[in-house]
Amino acid sequence: MKRQTHTDTSRYIFLFLIAFMVSCSKGDIRIVKSLDEEITICPDYKDVTIPVNIAPLNFSIADSGEHCLIVKGKESRFQVYSDEGLFKIPQKKWKALLKENAGSQIELTVAKHINGEWNAYTPFHMEIANDSIDKYIAYRLLALSNDMWNRMGIYQRDLESYDQSVIYENSLTDYNCVNCHTFASGNPHKMIFHMRGKHAGSVLIDGKKITKLNTKTPNTVSNFVYMYWHPDGNYLAATVCDTYQNFFINNPNTLEVLDHNSDIVIYDVKKNEIFSCEALNSKDAWQIFPTFSPDGKSLYFSSTAAVDSVSQNFRQMTYSLCRISFDPETRTFGQQVDTLYNGRAHHKSVSFPRISPDGKFLAFTLQEYGGFGVWHKDAELYMIKLPDGKPYPLTEANSAEGESYHSWSSNNRWMVFSSRRLDGLYTRPFFTYIDEHGTAHKPFLLPQKDPVKYYKNLLWTYNLPEFIQEKAQIDTHAVMETMRNTKGVNVK
Amino acid sequence: MNTLRKNILLPFLFIIFTGVLWLHLQAIQEPIFFYREQQQVFLFDSAYISGIISPIGGVATLISQFLIQFFRVPFIGSLTTALIGGVSSWLFWLTLRKIHPASYLLPLAFLPILFQYLYLIKYSYHYEGLIALLFWSLALYIYSHAARRLNWAYRTSIGCLLAIGLFYTMGSIAMLFVLSGLIFDVLQKNERWYASFIPLLLLLAVGSLCVLGGCKPDYDYVFWMKDYVEYFIKLEPFHGFSWQVALLVMLLFYLSHYSDNAKTYLKALTTVALLALSGIYYTQTALHHRDKDFYTLMQMFHYIDTGQWDAIISSDDLNYNNYLHLNCLNLALSQKGIMQADLFEYPQSGILSLISTYQAHIEESFLFSQIYYHIGVTSLAYNFAFGTSVGITHGSPVMTKLLINSHLIYGYYPAAEKFISLLEKTWAYREWASSRRKFLYNDQAVENDPELGTKRKSLSSDKDLFANIIGLFDNLTIILEENPQNKAALDYLIGALLLSKDLPAIKTFVERFSGTETLPALPEPLQQAVISYAEHDPDYCRRYGVSDKTLSEFSIFKQRVLGLRHARQNVAAGIADYRNTFWYYLMLSK
């Protein structure tokens with residue numbers, strides 16, 4: 001009996017080796033005919049523009065039959081067989097192909113095995129931009145809820161691979177709410193984020209130095225929210241606001257986040273004090289979403305006239321895009337406020353202004369009303385060529401669902417933004433190429449090993465995706481110790 | 001005799017004890033087993049499982065969640081928990097008898113598990129703690145087995161492997177393991193017993209690295225019980241008893257060497273005394289920790305989940321001074337279609353009897369989401385369902401079902417499809433989820449469905465109204481204007497009017513809706529309310545649907561009250577037989 005078993009085992013090993021060798025020696029498939037038919041791929045990566053250093057854009061088709069993907073560049077090509085409809089593209093071959101075809105395009109052909117022959121669907125293409133993308137993005141992941149929270153955290157993702165790592169998770173601080181992470185000009189070593197609930201305070205991280213800041217002062221209505229660093233790293237612009245959220249009985253936007261008052265203050269990091277000016281701290285108008293220009297000499301923000309009975313008159317809250325000059329040496333503001341986009345005149349509302357690092361373009365979100373476009377299905381990305389260009393929609397980047405928070409790459413050519421376009425509910429990060437004319441190209445979804453399964457299963461929403469140039473190395477234990485065990489520094 | 005005792009009597013005793021534990025758990029903890037099942041959505045999905053398994057203690061979580069999904073079936077929660085306890089105690093006994101085979105001390109082997117059962121009375125204790133103890137007893141058994149056969153080097157290596165393996169898979173129970181392994185070696189005077197400090201030191205090093213590396217918040221999570229309780233629970237000495245008693249029992253077995261020559265009856269007496277003392281302590285502590293109202297609420301949640309409305313209405317455990325209990329009762333009355341007529345058959349206490357005040361507790365949002373969904377305030381149901389799903393760490397199947405229905409009502413099909421796909425990966429809800437697929441991207445199917453169609457029709461056409469601002473009364477009025485057929489909304493609107501004793505509002509409501517499609521006939525309590533504000537105008541009463549019978553009953557009631565007042569007698573006692581009328585509620589309810 002033992003001998004028989006041994007013989008069987010040997011036979012199986014032999015057969016396995018044969019099968020293995022055959023599978024390894026699969027040569028290039030030969031396309032016999034064209035199906036003259038387009039195949040739907042998910043995510044939709046057809047005709048997208050991608051950076052030369054992006055991780056493989058794996059995708060799925062809704063057919064678990066035998067398929068082969070042929071990825072072809074100018075000189076080389078490789079093929080990938082489907083596994084239950086998923087094409088897992090090998091990293092090394094993908095990277096080499098992108099490098100070889102930078103500034104050009106690659107062609108992808110899906111072929112189906114029918115009756116022993118390979119039949120090809122209509123090929124599609126991807127444009128490979130010469131411009132690389134910053135290696136990391138940081139974002140918050142949290143479950144969707146309006147009044148409760150649980151596990152959440154700030155994470156970072158290596159865009160050249162699929163690796164996600166933790167910047168900070170709230171499990172270390174009794175599951176409090178962590179929010180509003182902001183890096184100084186994409187510098188992963190200098191950031192601030194806020195904790196709400198237990199151990200509340202803002203966490204200011206500058207290299208190895210971690211400080212707990214208590215940012216609510218007797219003269220401001222709240223802690224700092226919607227923060228933005230001055231390019232020299234010495235100032236931090238922040239909104240202080242009184243925010244409520246209400247739930248529509250029947251409106252596609254589901255809920256509305258409304259400020260009943262908001263001002264902008266500037267925090268002097270060295271002196272630990274805040275200052276402002278009449279234009280940013282007016283009773284008649286509410287200001288929000290401050291953004292410094294890359295030269296640090298202007299502050300852009302959204303502003304609306306103050307509204308009575310906000311829950312009834314919320315449609316009157318149409319934020320304009322404004323600009324005021326700022327002198328970092330003297331900490332003074334200009335006397336004049338420029339209005340780049342008049343919200344009231346256009347019956348539209350501006351949020352999240354963000355300027356490209358070269359100072360040429362300003363991207364923002366435009367929606368029907370209100371200061372919080374994240375829940376607005378009508379929210380779309382718009383652009384203005386600075387200093388005084390006309391706003392125009394980033395048509396290729398927008399969708400029928402809401403687009404909201406966005407961030408520029410350090411080389412001005414890429415923008416990451418949140419969109420609910422996959423299921424109308426959860427925001428996912430998309431990347432669009434912005435060419436030198438300021439035109440957006442068809443965006444692509446953050447790649448995953450198995451993107452369909454990943455995004456379908458994921459009950460967390462991506463919040464505030466922001467480019468960072470390197471991996472953030474935060475001492476989470478030290479952050480926890482600081483937040484739990486120190487009283488913090490009161491901002492003056 | 002020894003063989004008989006070893007092979008038959010002792011296993012038989014364990015089976016008996018386990019059976020007793022099963023009955024006990026079934027009687028005492030059944031609602032919490034149901035509730036635990038409602039606090040997680042376990043998916044048969046490789047990515048989901050690998051996500052659970054990867055953190056420290058992840059295997060314990062995986063096993064817990066896998067088992068808990070079956071707790072939905074009556075008796076399974078108690079049976080599973082009793083079996084785990086029985087097996088764990090048996091394994092512990094196998095180690096104990098190596099220290100000294102004192103059979104009369106056998107009940108002591110159950111002590112660690114009994115404390116676990118005490119902890120499990122409270123939902124804030126995780127089932128992982130029990131699973132971890134099972135694996136501790138297994139690891140200790142393996143270790144004690146190896147320690148007798150292998151030299152100190154192998155023994156120590158196995159100790160290290162088991163300690164780290166337990167730590168990674170089960171969490172901080174590894175600390176109990178290294179301590180019990182050390183005690184075992186000391187008591188057994190094993191070769192170089194001090195080598196058993198090595199697994200302890202190794203665990204201290206690994207645990208410390210975990211804390212310093214930010215994997216766990218503090219040392220209580222890696223070396224003590226904090227890993228098995230909700231983060232907001234402050235550990236008390238009581239939480240450590242399960243582990244401490246395990247070490248103590250090992251010592252007692254060692255000390256039993258000295259009583260080998262004691263008389264048999266003394267040993268039997270010791271066994272009985274141990275059982276009695278354990279039983280008394282256990283019972284008293286269990287009664288102390290068991291929150292009766294909370295358990296009743298958990299039982300009601302199970303009835304709501306399974307649609308056992310009669311069981312709620314007839315429950316003897318309901319506390320009418322507890323608003324959440326009343327909320328469950330009134331939901332059941334409305335579901336049964338008897339709320340309008342029978343509202344005052346049960347003690348009511350103002351409008352909060354319908355929906356209590358929200359104080360950001362998970363049980364409230366869990367219940368309110370279902371009440372709002374039932375009456376057609378879908379936006380608030382949806383909002384509460386999201387909140388509950390998030391507030392509960394591992395999700396909630398009932399809330400996920402509610403989210404699917406809400407998205408279908410609104411026609412947000414991609415989102416509904418996402419949650420359907422999710423529930424299709426569960427054991428208990430996959431059929432229900434698949435049955436919802438027919439509504440996806442099919443407005444007609446939704447509109448024709450009695451449940452979804454009614455609720456979609458109840459949505460306001462005004463896009464600018466906020467449900468959380470306008471209040472319950474206005475929400476219900478809007479619903480009835482949109483959909484006069486929404487009977488649940490009518491139940492709650494009439495209930496809200498009557499319970500608030502707002503006679504002018506009742507008058508406005510009756511004059512507006514009486515005789516319409518919404519309110520073709522007035523239920524008796526509402527007729528009583530009409531008389532209450534128009535007693536001097538019988539024609540008015542009749543015009544708005546008050547029957548002659550009710551008018552004549554009122555006349556008798558009024559005579560009774562006037563008579564009692566005239567005689568200066570206690571009115572409340574004198575009209576006690578009117579307890580089930582609006583008149584009684586109007587006069588005497590606070």
For the residue pair B:Ile478 and A:Ile249, establish whether any side-chain heavy-atom pair is separated by less than 4.5 Å.
yes
Centre of B:Tyr412's six-membered ring, under 6.0 Å away, within 45 degrees of the axis: is that where NZ or CZ of A:Lys377 sits?
yes
Atom group of B:Ala416 that falls short of 4.5 Å from chain A, counting heavy atoms
neither
When the aromatic ring centroids of A:Phe247 and B:Phe386 are compared, is their separation below 6.0 Å?
no
Side chain, backbone, both or neither: which part of B:Phe232 has a non-hydrogen atom closer than 4.5 Å to chain A?
neither
So which residue, B:Thr388, B:Asp462, B:Thr393, B:Ile362, ends up with the most heavy-atom pairs under 4.5 Å with chain A?
B:Thr393
Quick one: does A:Asn457's side chain get under 4.5 Å of B:Lys425's, heavy atoms only?
yes
I'd like to check B:Leu465 versus A:Asn251 (side-chain heavy atoms, cut-off strictly below 4.5 Å). Are they in contact?
no
Is the closest side-chain donor-acceptor distance between A:Lys453 and B:Ser421 under 3.5 Å?
no
Flag, side chain of A:Asn246 to backbone of B:Phe466, donor-acceptor distance under 3.5 Å:
no
Residue pair A:Leu172 / B:Cys215: nearest heavy atoms and the distance that separates them
CD2-C, 4.5 Å
Would you say the side chain of B:Pro217 lies within less than 4.5 Å of the side chain of A:Arg484, judging by non-hydrogen atoms?
yes
Minimal heavy-atom distance between A:Leu425 and B:Tyr382, with the atoms involved, is CD1-OH, 3.4 Å
What one should report as the nearest heavy-atom pair of B:Pro414 and A:Leu422 is CB-O, 4.4 Å
I want to check something: taking the side chain as every heavy atom from C-beta on, are B:Lys418 and A:Tyr455 in contact at a cut-off of under 4.5 Å?
no
Report yes if some heavy atom in the side chain of B:Phe419 is under 4.5 Å from a heavy atom in the side chain of A:Leu459; otherwise report no.
yes
Give me the atom names and distance for the closest heavy-atom approach of A:Asn150 to B:Gly391.
ND2-O, 2.9 Å
For a quick test of reading the model, state the closest non-hydrogen atom pair linking B:Lys463 to A:Asn250 and the distance between them.
CD-O, 3.0 Å
